[in-house]
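Structure first, commentary second.
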Amino acid sequence: MPKRVLLRMFGRGAMAVVCAVACGAAASAGADHTTVRLAMVNVPDDVVRPLLGDFATQSGRRAEIVYTGNDPFSLAREGKADLVISHYGHEGVQPFVTGGFGSWPHPVFANQIAILGPPSDPAHVRGLTDGAEAFRRIAASRSPFLVNDSDGNKYVEAILWAKAGSPAKGDWYVNRHSQGPQAARDAAKQGAYTIWGVPPFVRLNAQAPLDLEPLVTADPIFQRIMVAIVVDPKKVGGVNDAGAEAFQAFLLAPSTQARVAAFRYPGIAQQVWWPAGRHNNARE
C-alpha cells in the first residue's frame, strides 16, 4: 500500500481516537442529569433536607446535598455542584457571580439570629417583638450582656443599641472578644444575654446543653437572607443547570415557601426560618 495512503489512514484513525476520548470525557463530565448537587453553607440543610423527597416526587429528579460548610463556592468552581445556597452577605457571593461562575442570586428563605439569654430572664425580654426594646431593658436593668464579637452580630447589636437610645455601656456590657460558640458558652456561664444565630445555637446546645434560650426572635432585623445561585455551565463544565433551575423554582414555589414558614426546631415554638421568595415589582 502506498505510503501516502497509510499516513492518511493513520491520520483519520488518530482523529477518531481523539474525538472518541474528547466526546467520552464530555459525556462523562455531564453524565448524570437526573441528580441535582446542592452545595450549601452550614445551616440551611436543616430546612432543605426535609424537602428533598417532595422535589423528587414533583420533578422526577433527585437532589442531594453534597456539601455543607463555609465555602460552597470552591466546590462549585470545580464543577462538583449545580446549585449553591448561601447567605446573601457571604463574602463568596459577589466574586462568584461577577466572575461569571453563577447566575443572579435569587432570595429563597431567611434564617435568623436572636437575643439569647438565661431562662430566668432578669431583664424581662422574653417574647418581645422589638429587639431594640429588649436591648433597652437589658441596659436599664444592668443585666449582663456579652458581646458576640463577630462582624455580623456586632452590626445588628449596633443597630439595636442606636434604636434603644444609645444607653451608656457600663460594667453590665461585657466584651471578651469571643465569637460564635465560645460567645454562647461564655454567656451561659455568666448568666448573660448575647446575640447569635438560632440554628448554630440549636446544634451546639444538642451537643452540650447550655443555660441559654432564644428569648427574642420575632424582630425582622434578625432575619438573614439566603440566596440560591445556579452554577453557569458556560463557565463550569459538567453542570446540571436545568436540574439546578428546577430545584430553585421548587424552592420558590408557594407550597415550598409555606413549608419553610412552618418549620420548627424541636423544643422551640418560635418561627426562625422565613420565606423570602418575593417577586418585588416596581409597578405593584
Side-chain angles (χ1 to χ4, degrees), residues 41-44 46 68-71 86-92 110-226 265 268 270-274:
V41 293
N42 287 313
V43 295
D46 293 342
T68 58
N70 191 52
D71 186 15
S86 165
H87 295 95
Y88 179 69
H90 190 290
E91 60 186 3
N111 73 324
Q112 72 177 71
I113 61 175
I115 294 179
L116 309 175
S120 60
D121 187 23
H124 304 291
V125 302
R126 187 192 306 274
L128 290 178
T129 58
D130 183 349
E133 172 61 18
F135 198 88
R136 188 195 65 76
R137 291 189 189 186
I138 292 168
S141 64
R142 304 188 68 79
S143 301
F145 178 89
L146 189 133
V147 176
N148 187 338
D149 203 30
S150 64
D151 290 342
N153 291 293
K154 285 181 67 179
Y155 177 72
V156 172
E157 179 202 309
I159 296 172
L160 299 183
W161 178 76
K163 284 185 66 182
S166 306
K169 296 176 180 178
D171 56 3
W172 62 275
Y173 184 86
V174 181
N175 189 354
R176 295 183 178 175
H177 304 289
S178 54
Q179 300 180 10
Q182 190 56 50
R185 295 187 191 100
D186 290 346
K189 289 178 182 176
Q190 193 168 338
Y193 295 89
T194 192
I195 296 175
W196 195 32
V198 176
F201 167 73
V202 168
R203 296 182 182 188
L204 182 67
N205 198 49
Q207 297 170 11
L210 299 174
D211 199 25
L212 286 178
E213 294 179 8
L215 297 176
V216 182
T217 63
D219 192 325
I221 199 172
F222 292 148
Q223 295 176 23
R224 305 176 69 201
I225 294 292
M226 306 193 79
Y265 285 106
I268 299 178
Q270 303 98 312
Q271 181 178 347
V272 295
W273 284 93
W274 301 82

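Residues: numbered from 1 along the sequence shown. Just so we're clear, the structure is a prediction, and the values are computed from it rather than from any experiment.
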### Query
Where the side chain of His87 meets the backbone of Gly89, is there a donor-acceptor pair that is under 3.5 Å apart?
no
#### Entry: Charged N-O contact under 4.0 Å between Arg136 and Asp130
no
### Task
Describe, in one word, how the ring planes of Phe135 and Phe145 are oriented to each other, choosing from parallel (under 30°), tilted (30 to 60°) and perpendicular (over 60°).
perpendicular
#### Entry: Non-hydrogen atoms of Pro199 and Tyr265 that approach each other most closely
CB-OH, 3.3 Å
#### Entry: Side-chain donor or acceptor of Gln179 paired with backbone N/O of Asp149 under 3.5 Å
yes
### Task
Heavy atoms only: give me the nearest His90-Asn70 pair and the separation to one decimal.
NE2-O, 2.7 Å
### Task
Check Ala123 against Ser141 and note the closest heavy-atom contact, atom names and distance.
CB-OG, 3.5 Å
### Message
Return the CG to CD1 distance between Leu160 and Ile115, rounded to the nearest 0.5 Å.
### Response
5.5 Å
### Query
So, Gln270 side chain and Pro214 main chain: donor-acceptor pair closer than 3.5 Å or not?
yes
### Message
If you compare all heavy atoms of Trp161 against all heavy atoms of Pro167, which two are closest, and at what distance to 0.1 Å?
### Response
NE1-O, 2.8 Å
#### Entry: Test side chain to side chain contact (heavy atoms under 4.5 Å, CB included) applied to Tyr173 and Val147, step by step
CA-CA 8 Å; Tyr173 184 86; Val147 176; 3.3 Å; yes
### Task
For side chain to side chain contact (heavy atoms under 4.5 Å, CB included), just list the numbers for Asn205 and Leu212, CA-CA rounded to whole Å, side-chain angles, deciding distance to a tenth of an Å, and then say yes or no.
CA-CA 9 Å; Asn205 198 49; Leu212 286 178; over 6 Å; no
### Query
When you measure from the side chain of Thr194 to the backbone N and O of Leu146, does any donor-acceptor pair fall under 3.5 Å?
yes
### Query
Hey, does the side chain of Asn148 reach the backbone of Ile195 with a donor-acceptor pair shorter than 3.5 angstrom?
yes
### Query
For the atom pair CD1 (Ile221) and CD1 (Ile159), what is the distance rounded to the nearest 0.5 Å?
4.0 Å
### Under 3.5 Å: donor-acceptor pair, side chain of Arg137, backbone of His124
yes
### Message
Please give me the minimum heavy-atom distance between Pro118 and Leu215, naming the atom from each residue.
### Response
O-CD1, 3.8 Å
### Task
Output the distance between atom CG (Asp121) and atom CD (Glu213), rounded to the nearest 0.5 Å.
8.5 Å
### Query
Going through the checks in order, is the side chain to side chain contact (heavy atoms under 4.5 Å, CB included) test met by Asn153 and Glu157?
CA-CA 6 Å; Asn153 291 293; Glu157 179 202 309; over 6 Å; no
### Task
Could you tell me whether a side-chain N or O of Gln271 sits under 3.5 Å from a main-chain N or O of Trp273, the two making a donor and an acceptor?
yes
### Message
Nearest 0.5 Å, please: how far is CZ in Arg176 from CD in Gln182?
### Response
9.0 Å
### Separation of Asp211 CG from Lys189 NZ (nearest 0.5 Å)
13.0 Å
### Message
As an exercise, state the distance from NZ of Lys163 to CG of Asp219, rounded to the nearest 0.5 Å.
### Response
5.5 Å
### Query
Shortest non-hydrogen contact from Trp196 to Leu204?
CZ3-CD2, 3.8 Å
### Task
Determine, step by step, whether Val216 and Tyr193 satisfy the side chain to side chain contact (heavy atoms under 4.5 Å, CB included) criterion, reporting the C-alpha distance in whole Å, the side-chain angles of both residues, the deciding distance to 0.1 Å, and the verdict.
CA-CA 11 Å; Val216 182; Tyr193 295 89; over 6 Å; no
### Task
Please check if the side chain of Arg126 supplies one atom and the backbone of Gly117 the other of a donor-acceptor pair under 3.5 Å.
no
